[in-house]
Amino acid sequence: PIQAGQGMRNLILLALFRTYAKVFRDDAIIAIEEPEIYLHPHAQRSLATLFDELAQRGNQIFYSTHSGNFVDIERFDRICLVEKRPNAQGYLSTQVRQVSVDQLLERRQRLHPAVQISERGLRERYHNICALEHNEAFFARKIVLVEGETEEGSLPIFARALGYDLDAQGISIVNAHGKNNLDQLYQLYTAFGIPTFLIFDNDRGGQNSDLAANRVLLRLLEEPEIDVPDATVTSRYAILEGNFEKEMESSLKAVSPGRYQSLKNEALQEMGKNAGKGLIARYIAQKLVGENLVPDFIRRILNSIHG
């Protein structure tokens, strides 16, 4: 018998899979439980790539995982979400959810009737915005989908100040890296039945492209389509007045005029003139919670997220 720790055994297993991928081209069925255990992230990604190579050669690979490195948002149709949920009788039962390419393409077509998109185009769009955080979101009990780094960086700080532990509650704040990516991520996660709370700017006074995106997002939410919706917080979504920074400045102005600009200047002085919006937002959030101050619009959003 091999006298080795679990980590060494998994590395040996990884080497065996590499050999199998190079030598054999069979129609094997391989089932593995939590292949990520005792493997560092690079080894996890390497093994996930090997699984893909084996599958492309005609093998069937089944594995259960709790690692985002073994989930690929681009290949969403390979994902099976398995969890216990209350059934119609109120009892917990195991439910399995999958989404086919045709299902998601049909959703995209309904939202953008004038835009034709192929399966390859759909996958490429997800590949273009894919990051580990987007994969990890599949493990969340609830997703908070935001436009950018300001919300992503500051909301967890305010949540902790209000006594909300997002990680303990399985809530992921996911950065879409742009307003135009919100709809495709929202459609994907909700297709899998993952509760998703959407936050976006109304961009009042902004560019026409941003206002056009407002209509798309309102259509997505099955709300009346207008160019500039009013700022609001509902049980399913929040719309910010202007953008996050403008909403924050307005909220602080009611408490202390000039406070937002003062904090922004402090952030730039401490972290450098080239500090990005995310760094500034985090700095301001940390300063405010240090003063036991959570802006009202942030409080309403977090309270709504937690139901």
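Just so it is clear, the structure is predicted and the values come from calculations on it, not from any experiment. The analysis underlying the following values was restricted to heavy atoms, covering all of them including side chains, and did not include hydrogens, waters or symmetry mates.
Ile143 has its side chain out of reach of Ile171: every pair of non-hydrogen atoms, C-beta onward, lies at least 4.5 Å apart. His134 is listed as a side-chain neighbour of His177, based on a closest heavy-atom distance under 4.5 Å. Side-chain atoms of Pro295 and Met248, non-hydrogen and from C-beta on, do get closer than 4.5 Å to each other. Residues Leu81 and Val96 form no side-chain contact, since every pair of their non-hydrogen atoms from C-beta on lies 4.5 Å or further apart. Between Leu252 and Leu288, some side-chain heavy-atom pair lies under the 4.5 Å cut-off. No side-chain heavy atom of Phe51 sits under 4.5 Å from any side-chain heavy atom of Asn59. Within the 4.5 Å cutoff, the side chain of Val144 has heavy atoms near those of the Ile199 side chain. Considering only heavy atoms from C-beta on, Leu221 comes within 4.5 Å of Leu198 through its side chain.
For an aromatic pair to be called close, the ring centres must be under 6.0 Å apart, and Tyr164 with Phe158 fails this. In this structure, Phe138 has its ring center under 6.0 Å from that of Phe192.
More than 12 heavy atoms of other residues, nucleotides or ligands sit less than 6.0 Å from atom CD of Glu291. Within a 6.0 Å radius of CD in Gln207, other residues, nucleotides and ligands contribute 12 heavy atoms or fewer.
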- prompt: Given the rule in the side-chain contact (heavy atoms from CB on, under 4.5 Å) test, do Glu151 and Asp201 qualify, once you have shown the distances and angles that lead to the verdict?
  reply: CA-CA 11 Å; Glu151 299 93 334; Asp201 309 332; 4.0 Å; yes

task: Verify salt bridge (Lys or Arg N to Asp or Glu O under 4.0 Å) between Asp227 and Arg215, making sure each step is shown before the conclusion.
output: CA-CA 6 Å; Asp227 287 338; Arg215 302 185 74 91; 3.2 Å; yes

Chi angles and distances behind the side-chain contact (heavy atoms from CB on, under 4.5 Å) call for Val146, Val174: CA-CA 6 Å; Val146 301; Val174 178; over 6 Å; no

task: With side-chain contact (heavy atoms from CB on, under 4.5 Å) as the test, would you mind laying out the steps for Phe62 and Ile32 before giving the verdict?
output: CA-CA 6 Å; Phe62 297 89; Ile32 306 172; over 6 Å; no

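Counted by atom type alone, Lys277 and Thr150 present zero donor-acceptor pairs between their side chains at under 3.5 Å. With hydrogens and angles left out, the side-chain atoms of Thr65 and Glu34 include no donor and acceptor closer than 3.5 Å. Side-chain polar atoms of Asn128 and Glu124 form no donor-acceptor pair below 3.5 angstrom. For the 3.5 Å distance criterion, the side chains of Gln261 and Asn265 qualify, holding a donor opposite an acceptor.
In this structure a side-chain-to-backbone donor-acceptor pair under 3.5 Å is missing from Lys142 to Ile194. Using modelled atom types, one side-chain atom of Asn135 and one backbone atom of Ile73 make a donor-acceptor pair closer than 3.5 Å. Put simply, the side chain of Ser46 never gets that close to the backbone of His42: no donor and acceptor are under 3.5 Å apart. Without hydrogens or angle criteria, Asn202 side chain to Arg204 main chain gives a donor-acceptor distance under 3.5 Å. When atom types are taken as modelled, the side chain of Asn243 and the backbone of Lys246 share a donor-acceptor pair closer than 3.5 angstrom. Formation of a donor-acceptor pair under 3.5 Å by the Asn69 side chain with backbone atoms of Arg45 is not found in this model. In terms of modelled atom types and a separation under 3.5 Å, the side chain of Arg108 and the main chain of Leu122 share no donor-acceptor contact. The backbone N or O of Glu241 sits less than 3.5 Å from a side-chain atom of Glu247, completing a donor-acceptor pair. Put simply, the side chain of Ser304 gets close to the backbone of Thr234: a donor and an acceptor are under 3.5 Å apart. Between the side chain of Ser256 and the main chain of Arg259, no donor-acceptor pair closer than 3.5 Å is present.
No path of Ile, Leu, Val, Met, Phe, Trp and Tyr side chains, each step under 4.5 Å between heavy atoms, connects Tyr189 with Ile305, placing them in separate hydrophobic clusters. Cluster membership for Leu111 and Leu217, using ILVMFWY side-chain heavy atoms within less than 4.5 angstrom, is shared. Residues Leu240 and Leu302 are members of one and the same hydrophobic cluster, defined by side-chain heavy-atom contacts under 4.5 angstrom among Ile, Leu, Val, Met, Phe, Trp and Tyr.
No cation-pi contact links Arg75 to Tyr126, judged by a cut-off of 6.0 Å to the six-membered ring centre and 45° from its axis.
Here the shortest heavy-atom pairing between Glu152 and Asn175 reads OE1-ND2, 3.1 Å. Minimum heavy-atom separation, Ala267 to Tyr283: CB-CD2, 3.5 Å. Of all heavy-atom pairs spanning Phe139 and Gly68, the tightest one is CE1-N, 3.8 Å. Taking both residues in full, the closest heavy atoms of Glu266 and Lys287 are given as OE1-CE, 3.6 Å, listed atom of the first, atom of the second, then distance. Of all heavy-atom pairs between Ser154 and Ala285, the closest is CB-CB, 3.8 Å. Contact detail for Ile280 and Ala275: the closest heavy-atom pair is CD1-O, 3.8 Å.
Of the inter-residue distances, the one linking Glu83 atom CD with Leu92 atom CG reads 10.5 Å to the nearest 0.5 angstrom. Atoms CG and CZ, from Asp183 and Arg219 in turn, are 9.5 Å apart once rounded to the nearest 0.5 Å. Put simply, CD on Glu223 and OG1 on Thr232 are 9.0 Å apart, with the number rounded to the nearest 0.5 Å. Here SG of Cys130 is found 15.5 Å from CZ of Arg125. Values are rounded to the nearest 0.5 Å. For the atom pair CD of Glu149 and CZ of Phe244, the computed distance is 11.5 Å after rounding to the nearest 0.5 Å. The CG atom of Asp167 lies 9.0 Å from the CZ atom of Arg160; values are rounded to the nearest 0.5 Å.
The existence of a salt bridge linking Glu74 and Arg123 is excluded, since no basic side-chain nitrogen approaches an acidic carboxylate oxygen closer than 4.0 Å. With respect to the salt-bridge test (charged N to carboxylate O, under 4.0 angstrom), the residues Lys253 and Glu249 do not qualify. The existence of a salt bridge linking Asp102 and Arg107 is excluded, since no basic side-chain nitrogen approaches an acidic carboxylate oxygen closer than 4.0 Å.
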